[in-house]
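Treat the numbers as computed from the prediction; the structure is a model and nothing was measured.
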Amino acid sequence: MTEFNQYAEEYDENMNRSLGGLKHDVFIASKVWHLRQLFDQWDLSPASKVLDLGCGVGKFDTWLEDRCELHGCDPSNDSIGIARKTNPRIPYQTMCDGKIPYPDSSFDLIFTINVMHHVPPAEWNTFLHEAKSKLKPGALLCIFEHNPWNPLTQLSVKNCAFDEDAVLLPKTKIRSLLQAAGFAVRDGRYIVFFPFHSTRFFALETCLRWVPFGAQYYQCGSKEIQ
């Protein structure tokens, strides 16, 4: 995943180009809205410890740091450097050899956005077990991913310079991987049905959450309490 070093400085330009005229900000805003809803549902307070796993250049963190004690990690040193400049109050760390650089049972919630499709399939289970080890008992892992059933999403991924290695996973696959890794499957829904930056449309997506044609989706799992 360190190949992202070469794309860190031109992240926004690459994303907007792959979206064929749509602005990446719409997709960021949608996921931020849904994450903030999840924070409310799981009663996270400003003192709750949250990790952005595979944070890249920290595009989402700017809009979430007021809701929790937010941390970020990524294997790309260049991306981490940009994230630190963009969000100087958030502590970021670089991942090495797929290891999350925090003690076990550290976090109340971990979210990972469009990361799994870059993880080699042979390492999916290892990736999930590593994330689980960093969660407190009963805490939540939330995985955001591209929806391969949406043809426009497939086109966007095909046109994205840093998605050449992407292996898109349907939501049902993420559910089965979470179960296999020992998570209790929780909320999951399809999102990004409308190319508009509006909370009205984001709220409307709640009614469409079961329709498998949103551009993206999220699926959550909680760490079982032993």
Side-chain angles (χ1 to χ4, degrees), residues 11-12 15 19 22-74 79 82-84 86-92 100 102 106-116 131-132 134-136 138-147 153 171 174-175 178 183-211 214-223:
Y11 178 81
D12 283 330
M15 288 303 303
L19 292 169
L22 296 176
K23 294 297 183 183
H24 185 221
D25 288 351
V26 174
F27 294 81
I28 293 173
S30 173
K31 288 189 279 288
V32 166
W33 188 87
H34 285 285
L35 273 169
R36 292 177 76 96
Q37 296 296 308
L38 281 167
F39 286 5
D40 289 340
Q41 292 171 25
W42 283 76
D43 295 323
L44 265 64
S45 72
S48 298
K49 198 169 179 179
V50 174
L51 176 66
D52 181 355
L53 174 56
C55 62
V57 296
K59 296 294 290 186
F60 300 92
D61 302 338
T62 304
W63 311 105
L64 296 169
E65 62 174 321
D66 65 313
R67 289 298 311 273
C68 59
E69 180 191 328
L70 186 60
H71 297 252
C73 64
D74 196 275
S79 296
I82 293 171
R84 285 172 175 156
T86 305
N87 307 302
R89 292 182 298 275
I90 297 174
Y92 290 100
I100 299 173
Y102 294 91
S106 291
F107 294 101
D108 298 288
L109 184 145
I110 294 175
F111 65 89
T112 182
I113 297 178
N114 295 343
V115 171
M116 281 284 289
K132 188 173 73 169
K134 306 307 175 184
L135 288 169
K136 298 176 183 178
L140 196 70
L141 173 65
C142 186
I143 300 172
F144 286 80
E145 266 301 334
H146 295 313
N147 178 15
T153 295
K171 188 161 79 71
I174 293 290
R175 284 177 61 90
L178 285 169
F183 286 88
V185 173
R186 302 298 185 184
D187 188 26
R189 60 186 63 188
Y190 294 95
I191 63 172
V192 194
F193 288 86
F194 309 103
F196 307 112
H197 185 165
S198 166
T199 55
R200 181 180 302 175
F201 285 104
F202 299 156
L204 181 57
E205 290 179 353
T206 301
C207 302
L208 300 171
R209 61 187 181 276
W210 304 115
V211 181
Q216 298 187 332
Y217 65 84
Y218 73 78
Q219 179 62 61
C220 298
S222 62
K223 181 176 179 177

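With rounding to the nearest 0.5 Å, the separation of CG in Leu109 from SG in Cys142 is 6.5 Å. Here CD1 of Ile143 is found 7.0 Å from CZ of Phe183. Values are rounded to the nearest 0.5 Å. Expressed to the nearest 0.5 Å, how far NZ of Lys171 lies from CD of Gln219 amounts to 5.0 Å. With values rounded to the nearest 0.5 angstrom, Cys68 atom SG is found 10.0 Å from Leu51 atom CG. To the nearest 0.5 angstrom, Asp187 atom CG is 9.5 Å from Trp42 atom CH2. Between atom CD1 of residue Ile191 and atom CD of residue Gln216 there is a gap of 5.5 Å, rounded to the nearest 0.5 Å.
Using a distance-only test at 3.5 Å, with no hydrogens or angles considered, a donor-acceptor pair links the side chain of Arg36 to the main chain of Trp63. A donor-acceptor pair under 3.5 Å is absent between the side-chain atoms of Glu65 and the main chain of Ile90, judged by distance alone. Between the side chain of Asn147 and the backbone N or O of Tyr217, no donor-acceptor pair lies under 3.5 Å. Without hydrogens or angle criteria, Lys134 side chain to Ser106 main chain gives no donor-acceptor distance under 3.5 Å. Between the Arg175 side chain and the Val185 main chain, no donor and acceptor come within less than 3.5 Å of each other. Looking at Glu205, its side chain does come within 3.5 Å of a backbone N or O of Val192 through a donor-acceptor pair. Between the side chain of Asp108 and the main chain of Lys49, a donor-acceptor pair closer than 3.5 Å is present. Although no hydrogens or angles enter the test, the distance criterion places a donor-acceptor pair under 3.5 Å between the side chain of Ser48 and the main chain of Ser45. Between the side chain of Arg209 and the backbone N or O of Thr206, at least one donor-acceptor pair lies under 3.5 Å.
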Between Thr153 and Glu145, is a side-chain contact (heavy atoms from CB on, under 4.5 Å) present by the stated rule, with each step listed?
CA-CA 10 Å; Thr153 295; Glu145 266 301 334; over 6 Å; no
Test Asn114 against His146 for side-chain contact (heavy atoms from CB on, under 4.5 Å), laying out the working first.
CA-CA 7 Å; Asn114 295 343; His146 295 313; 3.5 Å; yes
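Considering all non-hydrogen atoms of both residues, Cys55 and Gly72 come closest at SG-C, 3.9 Å. The two residues Gly221 and Leu178 come nearest to each other via the heavy atoms N-CD1, 4.1 Å. The two atoms that bring Phe27 and Ala215 nearest to each other are CE2-CB, 4.1 Å, heavy atoms only. Closest approach of Cys73 and Tyr102 over heavy atoms only: CB-CE1, 4.3 Å. What you find for Tyr92 and Asp61 is that their closest heavy atoms are OH-OD2, 2.7 Å. The two residues Ser79 and Asp74 come nearest to each other via the heavy atoms CB-OD1, 4.3 Å.
Classification of Asp52 and Lys59 as a salt-bridged pair fails, no side-chain N sitting under 4.0 Å from a carboxylate O.
Between Ile110 and Leu135 there is a side-chain heavy-atom pair separated by less than 4.5 Å. The shortest side-chain heavy-atom distance between Val32 and Phe60 falls under the 4.5 Å cut-off. A heavy-atom distance below 4.5 Å is not found between the side chains of Val50 and Leu64. Counting only heavy atoms from C-beta outward, the side chains of Leu53 and Val115 never approach each other to under 4.5 Å.
Seen from the ring of Tyr218, Lys31 does not count as a face-on cation partner, given the 6.0 Å and 45° thresholds.
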